[in-house]
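Per chain, numbering begins at 1; letters A, B, ... match sequence-line order. Being a predicted model, the structure only gives us computed values, none of them experimental.
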Amino acid sequence: MYSQGLNESNLASAETPEFLAEFQARIDADEKIEPNDPMPQAYRQTLIRQIGQHAHSEIVGMLPEANWLTRAPTLRRKTALLAKVQDEGGHGLYLYSAAETLGISREQMTEELLAGKAKYSSIFNYPTLSWADMGAIGWLVDGAAIMNQVPLCRCSYGPYARAMVRICKEESFHQRQGYELMISLCNGTTAQKDMAQDSLNRWWWPSLMMFGPSDSDSLHSDQSRLWKIKRFTNDELRQKFVDATVKQAQHLGLEIPDPQLAWNENKNDGAGGYDFGEIDWDEFWRVVKGHGPLNRERIAARTKAWEEGAWVREAALAYAEKQKSANTDPNNLAQKVS
Amino acid sequence: MQSAALPTAESDARFIQLVRLADDHLILGHRLSEWCGHAPMLEEDLAMPNIALDLLGQARALYSHAGIIENKDRDEDALAYRRLEREYTNLLMCERPNGDFAHTMLRQLFFSVFMKHYWLSGESSSDPVVAALASKAQKESDYHVRHCAQWVIRLGDGTDESAARLAKALQALTPYLHELFESDSVTQTNGDVGFLPEPSTMQTRWRADIDTIFDLAKLCLPSVENLLTQGKSGGRQGLHSESMGFLLAELQFLQRTYPNMQW
Amino acid sequence: MSTSSVTPLWEVFIRPRNGLAHRHCGSLHAADAQMALQAARDVYTRRGEGQSIWVVPSSNIVASDPSASAAFFDPADDKIYRHPTFYDIPDDVGHM
């Protein structure tokens, strides 16, 4: 997305108060910001950080589910899961591309991830211990992701918004395939239903943590909302997720592992909503800071793929270089436009 | 069902060969899916599952049709998941652990070039279900060949390291080529009645395609005679490598641990 | 990492079906044009989105400068005589 066509002089816009006010006015008028447009450095950095984290989450997020690809119990489930994990790779790719329009390369972002400098959604540091986890991830983790992502389709930065439109369209099957899988388990034997309940027990709280720290502790929320990078607060989205999910759990006949969960008719401006228990923020920060169950293993797996893939990428580049210097075949030109 | 009208020996031969093909596709698709999330570049994390999904789709269609011909109430999953190791009859090449990217791509190229020609011939099968399946699978194999050939050429003519790795992969895979073209009473019966072509008749076309690609990849394949007469065998009789047991342990894990459940 | 090991970026344009124009749908990384085409197929047409693909090295895109957009585009705003509604034709003449 044109990152290499970026006009260098625009990268260092003089950030006079007039410039900042003009920029904010464009945002307030719901204008989209496009790659080459002048933008405050902080806007650019916020986007690079957020889109990068989002992309990394998709990429690291392939691992917990890929863990069950070879053990899927039927061919139908196996193909659905493979298509889903593949989609996540695609979503990472779209997002890296969107970030690249801001003047950072995929290689740079990858290195930041592998060096532990970039964050990703901490939910992917939890292990997938049973087949039911494939259902719980689709249902809860993708469900939570959708809550986050749908508003991002209207984000002020054009390439990010466009990537999110594509992602949301593709993701609509992810949550359904997860929930359908849970239905099969819950309609099955006791052993299957126990598997499903155990999985919900393990994924419920980490799913709530996916929305990030509480609004009172969130570093970036206010400015991001002003810039329309983010449209709702963490707590608003979390509440929306709980309200939507409780009914789905009831339909499955599963119990949400929160004794404090209770309907409160005064919530959501009188529309009603669920009160729920306090998230274990110590655990949240522990995992965010790299001490979750599988932080090291996830990064190690990505590092291994990156390092062991280096010779492949180098070979492709070396071949391209050789072809470039030897390319005098007019037939090659004819193929280019068709 | 048409199988009822067929003499037993003939319907047995059909079943056996469909399951062989299905096993090839299932086991290779399974292996390929192991790459998902671990590929050398993100674009390839999309490309390899695309191939794997095609292979698994073909496996499903083949198992389903085999089950109908067998007429013993076994569906795709009964065949894919609930047999003993000795009853899986895939090519040994397909079950080999993935190795590095060069090994995976070269194996896929060998297999896909074969299947492309096999399905092309299969389009004129006397069985309309097989003919339709072949016509769809042929297009898929065609793309697999393009993708794998692209990589094999780039690895062969890329860096010293990639060329060395590709040469090593060729050495490792050569003994498994012979099995692709193996014929026996099953393939003969099916060839005679026009159900599915004899694998051995693919040899010339396969060789010509591989030679063209290898030329660009600066690789050299051993002579035809060696390929035909030497090499590993046993997959079609269910005699596998030691790695097969572990593959099946994963593949069958849930079906074995929790028998007779719906998933 | 040396800059030489950076895989080039490509822009992908897809024609959803014949009769429609190719439309920009995203980008990807590939070492050369053939690989870019195949990657575009694998990444951007998984759900039957395309009948034809163009790929272009991102570095070959020449983009207009947003700071010149006023000079480039605003002058067209008031040339209303280029639009059919600028001209009055009596109703009884019929559609024109």
How about [X]: does its [atom1] atom have over 12 heavy atoms from other parts shown lying under 6.0 Å from it?
X      : atom1 : value
A:K119 : NZ    : no
A:Q45  : CD    : yes
C:R47  : CZ    : yes
A:K117 : NZ    : no

Heavy-atom pair with the smallest gap, counting every atom of [X] and [Y]:
X      : Y      : answer
A:L93  : C:Y44  : CD2-OH, 3.9 Å
C:A31  : A:A320 : O-CB, 3.3 Å
A:L317 : C:V6   : CD2-O, 4.1 Å

Just jot down the side-chain hydrogen bond (donor to acceptor under 3.5 Å, both in side chains) partners of C:Q38, sequence neighbours excluded, or say none.
-> B:H147, B:Q150
State which residues pass side-chain hydrogen bond (donor to acceptor under 3.5 Å, both in side chains) with A:E34; sequence neighbours excluded, sorted by chain then number.
-> A:R162
Part of A:Y96 lying under 4.5 Å from any heavy atom of chain C = neither
Which answer fits A:E321, side chain, backbone, both or neither, if we ask what part of it has an atom under 4.5 Å from a heavy atom of chain C?
-> neither
Rounded to the nearest 0.5 Å, what separation is found between the [atom1] atom of [X] and the [atom2] atom of [Y]?
X      : Y     : atom1 : atom2 : answer
A:Y319 : C:Q34 : OH    : CD    : 9.0 Å
C:S64  : A:N36 : OG    : CG    : 8.0 Å
C:L9   : A:S97 : CG    : OG    : 6.5 Å

Neighbourhood of chain C inside residues 80-90 of chain A, taking heavy atoms under 4.5 Å as contact = A:Q86, A:D87
In residues 150-157 of chain A, which residues are in contact with chain C at a heavy-atom separation under 4.5 Å?
-> none
Can A:E100 and C:S58 be said to form a side-chain contact (heavy atoms from CB on, under 4.5 Å), step by step?
-> CA-CA 11 Å; A:E100 282 177 291; C:S58 305; over 6 Å; no
Where the side chain of A:E107 meets the backbone of C:T7, is there a donor-acceptor pair that is under 3.5 Å apart?
-> yes
So A:R166 and C:E49, salt bridge (Lys or Arg N to Asp or Glu O under 4.0 Å) or not? Walk me through it.
-> CA-CA 12 Å; A:R166 194 177 182 96; C:E49 295 96 329; 3.5 Å; yes
